[in-house]
Amino acid sequence: MEGLLFGTQKGAFTGAVDRPGFFEQADEGTLFLDELNSLDISLQSKLLRVLQDRKIRRVGGDVEQEVDAT
């Protein structure tokens with residue numbers, strides 16, 4: 001789920017490719033999130049950080065990107 005939300009960086013795990021996540025795809029747009037309480041608590045905290053700071057880092061990446069998704 002983390003890879004879907006934040007994207008993946010090539011080499012992060014076996015078979016990983018550079019792929020934007022939902023937040024990157026929704027940049028300057030709207031992302032509808034539902035059933036967040038069913039996510040793992042660690043992923044919920046990462047999601048909260050993205051919503052507060054408006055920055056993401058792809059899974060396996062080392063560069064933060066700004067996103068403007070509401």
Side-chain angles (χ1 to χ4, degrees):
M1 189 63 173
E2 188 173 349
L4 291 173
L5 289 172
F6 307 126
T8 56
Q9 189 72 32
K10 184 176 181 178
F13 52 88
T14 303
V17 295
D18 286 330
R19 179 172 294 149
F22 293 150
F23 278 99
E24 283 182 78
Q25 293 176 32
D27 196 23
E28 297 184 11
T30 302
L31 179 61
F32 179 75
L33 301 170
D34 193 20
E35 301 291 330
L36 299 177
N37 61 332
S38 63
L39 293 175
D40 183 71
I41 194 70
S42 64
L43 186 53
Q44 288 183 32
S45 65
K46 291 177 183 180
L47 185 58
L48 177 61
R49 184 173 175 263
V50 170
L51 296 173
Q52 289 176 337
D53 299 342
R54 296 183 179 258
K55 293 181 182 178
I56 61 153
R57 183 172 40 227
R58 289 182 178 183
V59 174
D62 55 0
V63 177
E64 286 191 339
Q65 296 175 262
E66 289 197 25
V67 292
D68 183 20
T70 56

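Since this is a predicted model, take the numbers as computed values, not measurements.
Under a 3.5 Å cut-off, the side chain of Thr8 and the backbone N or O of Val17 do form a donor-acceptor pair. No donor-acceptor pair closer than 3.5 Å links the side chain of Asp18 to the backbone N or O of Gln9. Side-chain N or O atoms of Gln25 include one that pairs as donor or acceptor with a backbone N or O of Pro20 at under 3.5 Å.
The environment of Asp62 atom CG is sparse: at most 12 non-hydrogen atoms of other residues, nucleotides or ligands sit within 6.0 angstrom.
A distance of 5.0 Å separates CZ in Phe23 from CG in Leu47, rounded to the nearest 0.5 Å. Here CG of Leu51 is found 12.0 Å from CD1 of Ile56. Values are rounded to the nearest 0.5 Å. Taken from CZ in Arg58 to CD in Glu24, the straight-line distance is 4.0 Å, to the nearest 0.5 Å. Note that CD of Gln44 and CG of Asn37 are 7.0 Å apart. Values are rounded to the nearest 0.5 Å.
Residues Leu5 and Leu33 are in side-chain contact: their nearest non-hydrogen atoms beyond the backbone lie under 4.5 Å apart. Residues Glu64 and Arg57 have side chains in contact (heavy-atom distance under 4.5 Å, counting atoms from C-beta outward).
Residues Ala69 and Ala26 approach most closely at CB-O, 3.7 Å, considering heavy atoms. Minimum interatomic distance between Gly60 and Ala12 (heavy atoms only, all atoms of both residues): CA-CB, 3.5 Å.
By the criterion of side-chain heavy atoms lying less than 4.5 angstrom apart, applied directly or through intervening Ile, Leu, Val, Met, Phe, Trp or Tyr residues, Leu4 is grouped together with Phe6 in one hydrophobic cluster. Residues Leu43 and Phe22 share a hydrophobic cluster, clusters being chains of Ile/Leu/Val/Met/Phe/Trp/Tyr side chains in contact below 4.5 Å. Grouping the Ile, Leu, Val, Met, Phe, Trp and Tyr side chains by contacts below 4.5 angstrom, directly or via other members, places Met1 with Val50. Each of Val59 and Val67 belongs to its own hydrophobic cluster when Ile, Leu, Val, Met, Phe, Trp and Tyr are linked at side-chain heavy-atom distances under 4.5 angstrom. Following chains of ILVMFWY side-chain contacts shorter than 4.5 Å, one cannot reach Leu48 starting from Ile41, and the two form parts of different hydrophobic clusters.
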